[in-house]
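Here's the structure we're looking at; comments come further down.
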Amino acid sequence: MRDIPADHPRALSLRLRETIEHFRQQGLVAETGPIAHGRGEAFDYILGEATPELVKHDIYTAAALLLEARHPIISVNGNAAVLAPEALIELSRTIPAELEVNVFYGRTQDRERKIADYLISKGASKVLGVNPTAKIPRLTSSRGRVDKDGIAKADVVLIPLEDGDRTEALVAWGKKVISIDLNPLSRTALKANINICDNLIRAVPLLTSAVIELRQDPDRRRQLVDSCDNNLSICRVLQFMASRLVRFPFDHGLVRIQNADESHIDFIVTATQSCIEEGSLSHRQRKVVHEFMRDRLDKEGIFILVATFNGRPCGYGDGECRDDGTFYLARLVVAKPFRGMGIGSAILSKIEDIARSQGCHKIVLETLVSCRQAQALYSMHNFNPEGFLTKDGYKCDFIVMGKHL
Ligand code: ATP
C-alpha cells in the first residue's frame, strides 16, 4: 500500500481507500467495491464523519434485536471484511452470532474462500458461507445462495453493506434485517427493519458496546424492539443531513451578523429599493435613503444589524426600543441571491437578543399582507398576527405581528 503521511488531514479516509483497492487486487473485494465505498464516503461527508446521537439510538435498537434473536447471523461482504475485520469478529463473539460470507457481485468459491480465510487470519474461529447450498427464495443467480446453517436458519440478519435486492428478498423470507448503510436512500436502508446510517468502521464497535450494555437490561431491550420504526429513523437521518447542509454557511463562518456602520449604507439603501420594486416592502420605505439611514446610525435606542456573506453585505434588520417597552422591528431585508439560507432567521434571532438585553417585553412589526414569505418567517419565530393596518396615502395593507419575550 502507498505511504500515507500520518499527519494528512484525511489520513484515515485515504488508508481505507487504499485498503479497499489493495484487497480488490487480491480478489477479496469485488470489482465494483471501490465504487460502493466512494458512495459511502460521499454520504459520510454529509453526516460529518461522526456518529450522530440519533443514529446511536438505532444502534441500540439493532443491539436489542440481535440479543432478542433466536439465531442471529452477521453477513459479511468483501468491503466489510477488509474495512473492519477485528470489529466484526469482536461483535460476533459478543452477541454471539456467526459470521457468514456474503458475496453479491461475481460470486465465486475462490472469493468466498479468500474472505473467510482473511477473517480467520484475523481471529475468527469459524466463518460460514463458503460454497453454500441453501437459497434465498425468489432470488435468481448465485446472489441468492446462503449457508443452510447460517442465514437460512437465522431470524435476525445483520448486513453491514448489502444490495437492496437481497435485503428485500431476506425481509420477504421473514428475516429481521439490520443494515449498516451510509446512504439512507438506498433500497437496502429503506427495506431493512432498521438501518444504521453510519460508517461501519464506527458503527460496529458501537454496536458491540450496546450489546454489552443491553445484555443486563431486558426491559429496555423489549422497549427498543417494540418501538423500532425504520421509516422514522430514515426520516430523522434525512432531516439531520438536510440541517447540516442548510447550516453550512453558518458552521463555516461564512455568514456573520454585525452592527451596521457607514460602509453598509449603500447596500441598505439599494437592497431596500429592490424589495420595494419586487413588492416585498411597502412604498412607505422609499424614505430609506442615505441621509435617513445615516441619521439612524447615530441615534440612541436604534439598532441596525447587517448580515454579511463571505464579507459582502447580504441582509439587514433595523428597529428601535420604544418607551412602552416594545421593540419595533422597522425592516428586515435579505438580498435576493442570499434568500433561503436562514439569513433572515439569523438576523431576527439577533434582534430578539438585542430586544431582550434592552429590557423590552415584546417585539412588534408590520408586514405586507401580500408578503407571505415574510409572514412565514415571522410565524416560524413564533410571532403572532395581532391585527391589520391600512396606512393613509398608500394602497397597502399590513399585518401587525407580535412576539412576547
Ligand atoms: P441499493 O441498496 O439501493 O441496492 P447500492 O446499489 O448502492 O444500493 P451496494 O452497492 O450493494 O448497493 O451497497 C453499497 C452501499 O454501502 C452504498 O449505499 C454505500 O452508501 C454503502 N457504504 C459504502 N461504504 C460504507 C461504509 N464504510 N459504511 C457504511 N455504508 C457504506
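A quick note: this is a predicted structure, and the numbers were derived from the prediction, not measured. The first residue in the sequence is number 1, and the count goes up from there. Every number for a ligand or one of its atoms is a count from 1 in the order of the listing.
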Fill in: Cationic tip of Arg296 above Phe303 ring, under 6.0 Å, 45° of axis
no
Worksheet, complete the sentence: ligand 1 atoms nearer than 4.0 angstrom to some heavy atom of Leu83 are 27 (N)
Practice prompt. Check side chain to side chain contact (heavy atoms under 4.5 Å, CB included) between Val171 and all other residues, then give those that pass, not counting sequence neighbours.
Written response: Val177, Asn193
Worksheet item: What distance separates Lys362 NZ from Lys403 NZ, expressed to the nearest 0.5 Å?
Response: 13.0 Å
Discussion item. Below the 3.5 angstrom mark, is there an N/O of Leu200, backbone or side chain, next to an N/O of ligand 1?
Written reply: yes
Discussion item. Contact between ligand 1 and Asp198 is defined here as a heavy atom of the residue under 4.0 Å from a ligand atom; is it met?
Written reply: yes
Discussion item. Taking 4.0 angstrom as the limit and counting only heavy atoms of Leu161, give me the atoms of ligand 1 inside it, by number and element.
Written reply: 16 (O), 22 (N), 25 (C), 26 (C), 28 (N), 29 (C), 30 (N), 31 (C)
Worksheet item: Any nitrogen or oxygen of Phe43, main chain or side chain, under 3.5 Å from a nitrogen or oxygen of ligand 1?
Response: no
Item to complete: Test salt bridge (charged side-chain N to carboxylate O under 4.0 Å, His left out) on Lys56 and Glu53 and set out the steps.
Response: CA-CA 5 Å; Lys56 287 186 185 154; Glu53 279 308 312; 3.0 Å; yes
Item to complete: Of the side chain and backbone of Asp181, name the one, both, or neither that has a heavy atom under 4.0 Å from an atom of ligand 1.
Response: both
Fill in: Passing option when Glu162 is tested against Thr188, Asn102, Asn77 for side-chain hydrogen bond (donor to acceptor under 3.5 Å, both in side chains)
Asn102
Fill in: Smallest separation among heavy atoms of Leu297 and Asp261, with atom names
CD1-C, 3.8 Å
Worksheet entry | Pairwise ring-ring contact (aromatic ring centres under 6.0 Å, His included) hits with a residue in residues 117-141, at least two apart | Phe23-Tyr118
Worksheet item: By number and element, which atoms of ligand 1 are closer than 4.0 Å to a non-hydrogen atom of Gly40?
Response: 19 (C), 20 (O), 22 (N), 23 (C), 24 (N)
Item to complete: Examine Asp165 against ligand 1 and note whether any of their N/O atoms are separated by less than 3.5 Å.
Response: no
Worksheet item: Of the choices Arg39, Arg166, Lys191, which has the non-hydrogen atom that lies closest to atom 6 (O) of ligand 1?
Response: Arg39
Practice prompt. For Asn183, take its heavy atoms, then give the atoms of ligand 1 lying under 4.0 Å from any of them.
Written response: 18 (O), 20 (O)
Fill in: Interfacing atoms of ligand 1 (cut-off 4.0 Å, heavy-atom, Asp163)
4 (O), 11 (O)
Discussion item. Just verifying a value: how many Å separate Asn230 CG and Ser179 OG, rounded to the nearest 0.5 Å?
Written reply: 6.5 Å
Discussion item. Any atom of ligand 1 sitting under 4.0 Å from a heavy atom of Glu162?
Written reply: yes
